[in-house]
Number of protein chains: 2
Amino acid sequence: MATIRDVAKLAGVSVATISRYLNKNGYVNEETKLRVEQAIKTLQYEPNAMARGLAGRKTGTIALIFPDITNPFFAELARAVEDVARMYGYTVILCNSDNQADKEQTYIRVLKQRYVDGILFASYSLRSDDVDALNNEKIPFIMLDRAPRETSCTVVSSKHLEGAQQAVQHLLDEGCTKIAHIYGPQDTVTGRERFMGYEQSVKHFPWYSPSLVEPGYFRVDGGMEAVENLMKRHPDIDGIFAGNDTMAVGALKKLQRMGVRVPDQVALCGFDGIDLTVIVEPEITTVAQSIYDMGMLSTRLLIKKIEGDNSEDQTHLFDVKLIPRESTRRKRKE
Amino acid sequence: MATIRDVAKLAGVSVATISRYLNKNGYVNEETKLRVEQAIKTLQYEPNAMARGLAGRKTGTIALIFPDITNPFFAELARAVEDVARMYGYTVILCNSDNQADKEQTYIRVLKQRYVDGILFASYSLRSDDVDALNNEKIPFIMLDRAPRETSCTVVSSKHLEGAQQAVQHLLDEGCTKIAHIYGPQDTVTGRERFMGYEQSVKHFPWYSPSLVEPGYFRVDGGMEAVENLMKRHPDIDGIFAGNDTMAVGALKKLQRMGVRVPDQVALCGFDGIDLTVIVEPEITTVAQSIYDMGMLSTRLLIKKIEGDNSEDQTHLFDVKLIPRESTRRKRKE
DNA sequence: CTGAAAGCGCTAACAG
DNA sequence: CTGTTAGCGCTTTCAG
């Protein structure tokens, strides 16, 4: 492997010149530039990222910390992140936290050692003193779907509350008269806000009762169990709003097994907009987030920050969009 | 950030001693060891991976190159890889190739620059001269589901052919009398071997005809289309073996839309064993690979290689396991 | 516009 | 058992 010194020698200039040429800072005479380019080509020179990192403290690496790549939502996010990272010449390190604070802790430590240029957090378990620490150490980061209380930082998120309200409204529009909610973990912004959206939309109805909600842990089996409990308590439910698509899929599965017809007997709406919803039959109505776009934006913001953008921290809120599908297509009353 | 020199000073020893202690090579007196530990703790010293890499040419990073993280099969694989990498103190870099040779090319270049310690390939597009190049540069790698012709290298794979035969046999056992196959890309080992397994199992039957196979491109929509064409040509098909689960899911979807009852009218079997198969109703029979285990083994092998294991390159073939589920549960003839 | 030289933080002989 | 020292390959003042 050729080094910068070899190139310098061959081009008849000093290493400093090569370095300047490579980093496009400082002036380089047109003529010598040509010679340098020539030398680089004939030597097939590739700068060594490691040495660069040591000397210049930039590694061209960003990390993505999230719960679990196996979750389609995060897989799509990861895909977006990797795509734009590559576009900007960055490489991405994958970190599954399983929402365990200690795993996250370890990761942050390791990532610091490796001098990652920045971190993208899409994990729920980050404690707010961690955020402070990051801020203090001046390592750039972005939060996805999570706004720590005090510390300022830039966050990218969706209009969860509004989306939940849209979901409920849609269910009502389709003629539902008793709507239940399967909610996600309440220690997550997403789980909480969607719950609130549901609550606010239904609490003034005479049929509303707190026993119309059931936890589903953002998981398929959670959704299945929730439906079972719900239908036992309220056999007359005719609409279900699941806090995410995964639970919606579980709900659908259980309903079908119980012989409940969807959407005629019970209409079903999810949240997120992952592909799973169109894989099942009937396809599930959902409130879609712009997952890929969120991933793109947050990566762009992160890279901007890394490259010296010092503008104010902001919160970027993405619109959500209800996508009506078969699981809520009920015969309308005229 | 404290450096090794700070620690040395505080502990009253030389940097070499600290380095020895850190890397657990060479002797360190028990007593000084204590002082070193003390110093490290009070300084909160964290070795700098970058510097380590430069000096010692080990970065503690491995890369995973595969088609697309969005594909559940690869997501699970990635998860396994990351899990064992973390266990051994490695960090993993994610590379989506989309099976495009040029993307892979660029990645390999970038990864070399970054001094990754090793690479895991689960991508189809790798050319065999790339493999040679890797071999020449002595950067350790493992191939998943792909055995380049000449070059020796260690590969981890499953018994695709055998699995396909099991699938067909199962369909026959369930009473199917005319079985079609939806095949995956023939430039992949997996797609090819499963096709061959099907062919070998059915070609001696009088009902067999080459028009009983149809491409599905390993995709959901591909599976749907394939079913449509297949049923048009052969309305009397009563069994379908899909070359992977994704296509099987598509097939199921299309069958349901066409009003074909599964499994009574047509039994359906997939391949891979991803979660999608139990999310739909009816749940789909599949030939399961040990995806997670394959990921674990290949990562372990890679790390072993990185850490100096020079044993012969081997091919590790995993058993597959047919998991009978509703999609093939037909009333048996007595 | 270009070069010399001082590190970045750590590892690995080599010499005690 | 421990210290000295020479790099790893690149960036970055500071002088020309």
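Excluded from the calculations below are hydrogen atoms, water molecules and symmetry mates; all remaining heavy atoms, backbone and side chain alike, are included. Chain letters run A, B, ... following the sequence lines, proteins first and then strands; every chain starts at 1.
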Task: Residues which pass side-chain contact (heavy atoms from CB on, under 4.5 Å) with A/Gln314, listed by chain and number, not counting sequence neighbours - done: A/His316
Open item on the list: According to salt bridge (Lys or Arg N to Asp or Glu O under 4.0 Å), does anything in residues 11-28 of chain B pair up with another residue at least two apart or in another chain? List the pairs.
Closed with: none
Open item on the list: Restricting to side-chain hydrogen bond (donor to acceptor under 3.5 Å, both in side chains), what partner residues turn up for B/Arg5, sequence neighbours left out?
Closed with: none
TODO: Give me the bend of the helix from C/dC1-D/dG16 to C/dG16-D/dC1, using the axes of the five pairs at each end, rounded to 10°.
DONE: 30°
Open item on the list: According to side-chain hydrogen bond (donor to acceptor under 3.5 Å, both in side chains), who are the partners of B/Arg114, at least two apart in sequence or on a separate chain?
Closed with: A/Thr61
Task: Per-nucleotide protein contact string for nucleotides 10-16 of chain C (B base, S sugar-phosphate only, - none; heavy atom under 4.0 Å) - done: BSB----
TODO: Could you list all the salt bridge (Lys or Arg N to Asp or Glu O under 4.0 Å) pairs where at least one residue sits in residues 32-47 of chain B, not counting sequence neighbours?
DONE: A/Arg109-B/Glu46, B/Glu30-B/Lys33
TODO: Determine: side-chain N/O of A/Thr17 to OP1/OP2 of C/dG3, distance under 4.0 Å, yes or no.
DONE: yes
For residues 92-99 of chain B, which side-chain N or O atoms pair as donor and acceptor with protein atoms under 3.5 Å away, sequence neighbours left out?
unit_1, atom_1, unit_2, atom_2, d
B/Ser97, OG, B/Phe66, O, 3.3
B/Ser97, OG, B/Asn99, N, 3.0
B/Ser97, OG, B/Ser123, OG, 2.7
B/Asp98, OD1, A/Arg79, NH1, 2.8
B/Asp98, OD1, A/Arg79, NH2, 3.3
B/Asp98, OD2, A/Arg79, NH2, 2.6
B/Asp98, OD2, B/Lys103, NZ, 2.6
B/Asn99, OD1, B/Tyr124, N, 3.0

Open item on the list: Among residues at least two apart in sequence or on other chains, which ones pass side-chain contact (heavy atoms from CB on, under 4.5 Å) with A/Leu317?
Closed with: A/Ser157, A/Lys159, A/Thr315
Task: A/Asp145 side chain to A/Thr190 side chain, donor-acceptor N/O pair below 3.5 angstrom - done: no
Open item on the list: Check the phosphate of C/dT2 against A/Thr32, side-chain N and O only, distance under 4.0 Å to OP1 or OP2. Yes or no?
Closed with: yes
